[in-house]
Amino acid sequence: IGAATTAADETRREGGSEQLLITGKHSVEIKKHRLTRHQSEQLNRAYQALLAGNYDKARSNYQQVLAETPKQVDALLGLAKIRSHENQPEEARRLYEKVLSIDESNSVAQLGLLHTYQDQPPFDKINVLEQLADKYPQSPQIAVFLGHELARQSKWRPAQQAYFRAFSLAPGNALYAYNLAVSLDRMEKYGAARQYYQKALALNGDGTGVLNAGAVKQRLLQLGEHDD
């Protein structure tokens, strides 16, 4: 069965009034908080400028919002996106870290922060992800990214541990159950792999979910031929 699915391919919806922010080739949602009318208009102008590629205008509007409300999360995220686009990963990280100091569970900031490390050499990337996993122990996204990087290097035992951590933090996520099943499968722990493939299918729903249910079912049939 195929390699583990990248969690960054998921689109996260935070609820409330939202704007779509493009991070690399992935899409994520920005949650909007209670704002004054003036701030809301500034954020809307900034966002439209961001979509149009007018980063100077977007930056000016985001900075005006932050001058009034230094911890305004949407403005911080917008500036972080601009810094990332301008190939300033360290400044983007600083802004994403500031958002996480305000709201550690902010998945947009977590994914954005991870995106800034995408060009790191594999060994360095694992070290960074391990540090981030320790710093943000309640983030399933960081745990699963760590698992993916370890899996790419065929380090299946630590990958399995990272995937288990991710699934423990988000037990309703079919992709996380599937990633864990794949890692157990690669370690030849077939009984446990079957268990999590079955969980992944159950969480995937009636076939309209994110997994290739047919491929998972086929692998389950193959695993039925193995002794545990």
Side-chain angles (χ1 to χ4, degrees), residues 5-36 39-40 42-44 46-47 50-51 55 58-59 61-86 88-118 120 125 128-149 162-163 165-173 175-176 179 210:
T5 304
T6 303
D9 292 337
E10 299 174 73
T11 298
R12 300 286 299 179
R13 180 168 295 275
E14 294 290 301
S17 178
E18 296 163 332
Q19 293 179 339
L20 184 66
L21 177 67
I22 306 302
T23 305
K25 63 180 180 180
H26 305 300
S27 300
V28 291
E29 303 286 343
I30 294 179
K31 181 178 178 180
K32 297 189 72 174
H33 304 280
R34 292 181 181 178
L35 304 166
T36 67
Q39 287 177 323
S40 181
Q42 285 183 311
L43 284 174
N44 284 331
Y47 178 66
L50 188 63
L51 287 181
Y55 296 111
R59 180 174 20 246
N61 278 280
Y62 284 134
Q63 288 173 338
Q64 288 177 49
V65 172
L66 290 171
E68 297 177 4
T69 313
K71 293 185 177 182
Q72 214 294 317
V73 167
D74 298 280
L76 290 168
L77 289 171
L79 282 180
K81 166 59 185 166
I82 293 170
R83 295 300 190 188
S84 184
H85 177 83
E86 293 176 339
Q88 299 181 43
E90 292 184 1
E91 182 62 17
R93 286 171 204 152
R94 184 187 69 80
L95 291 163
Y96 285 128
E97 292 271 14
K98 186 170 182 178
V99 172
L100 291 171
S101 72
I102 298 166
D103 177 13
E104 186 174 316
S105 65
N106 190 295
S107 60
V108 175
Q110 290 172 357
L111 292 174
L113 181 61
L114 290 168
H115 180 74
T116 68
Y117 290 104
Q118 66 177 356
Q120 294 281 326
K125 190 180 292 186
V128 167
L129 289 170
E130 287 175 339
Q131 292 172 18
L132 291 174
D134 289 340
K135 188 172 184 178
Y136 303 107
Q138 298 304 310
S139 170
Q141 292 92 346
I142 292 174
V144 86
F145 268 73
L146 174 58
H148 290 332
E149 193 58 40
Y163 288 141
R165 181 175 181 178
F167 183 69
S168 297
L169 291 167
N173 190 303
L175 282 173
Y176 294 173
N179 291 331
V210 294

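- For E86, the side-chain hydrogen bond (donor to acceptor under 3.5 Å, both in side chains) partners at least two apart in sequence or on another chain are R59, Q88.
- Taking every heavy atom of both residues into account, A162 and A143 meet most closely at CB-O, 3.5 Å.
- Minimum heavy-atom separation, L169 to P137: CD1-O, 3.5 Å.
- Put simply, CD1 on I102 and CD on Q72 are 9.0 Å apart, with the number rounded to the nearest 0.5 Å.
- In terms of heavy atoms, A109 sits closest to V99 at CB-CG1, 3.6 Å.
- Residues satisfying the ring-ring contact (aromatic ring centres under 6.0 Å, His included) criterion with Y136, sequence neighbours excluded, are absent altogether.
- In this structure a side-chain-to-backbone donor-acceptor pair under 3.5 Å is present from Y163 to H148.
- Y117 places a side-chain heavy atom less than 4.5 Å from the side chain of L132.
- Across all non-hydrogen atoms, the minimal contact from D103 to S105 is OD1-OG, 2.8 Å.
- Separation of atoms CD (Q118) and NZ (K125) is listed at 7.0 Å; rounding is to 0.5 Å.
- Among residue pairs with one or both ends in residues 92-101, those qualifying as salt bridge (charged side-chain N to carboxylate O under 4.0 Å, His left out) are E91-R94, E97-K135; sequence neighbours excluded.
- Between V108 and Y96, the closest heavy-atom pair is O-CE2, 4.5 Å.
- Qualifying side-chain contact (heavy atoms from CB on, under 4.5 Å) partners for A133, counting only residues two or more places apart in sequence or in other chains: I142, L146, R165.
- Shown here are the side-chain contact (heavy atoms from CB on, under 4.5 Å) partners of A46, two or more places apart in sequence or in another chain: N61, Y62.
- N179 contributes atom CG, which lies 8.0 Å from atom CG of N173 (distance to the nearest 0.5 angstrom).
- Between Q141 and Y176 there is a side-chain heavy-atom pair separated by less than 4.5 Å.
- Applying the side-chain hydrogen bond (donor to acceptor under 3.5 Å, both in side chains) rule to T69 yields the partners Q39; only residues at least two apart in sequence or on another chain are considered.
- To the nearest 0.5 Å, the span separating CG on L100 from OG on S107 amounts to 10.0 Å.
- Closest heavy-atom contact between L76 and P70: CD1-O, 4.0 Å.
- How far OG of S139 is from CG of L111: 7.5 Å, rounded to the nearest 0.5 Å.
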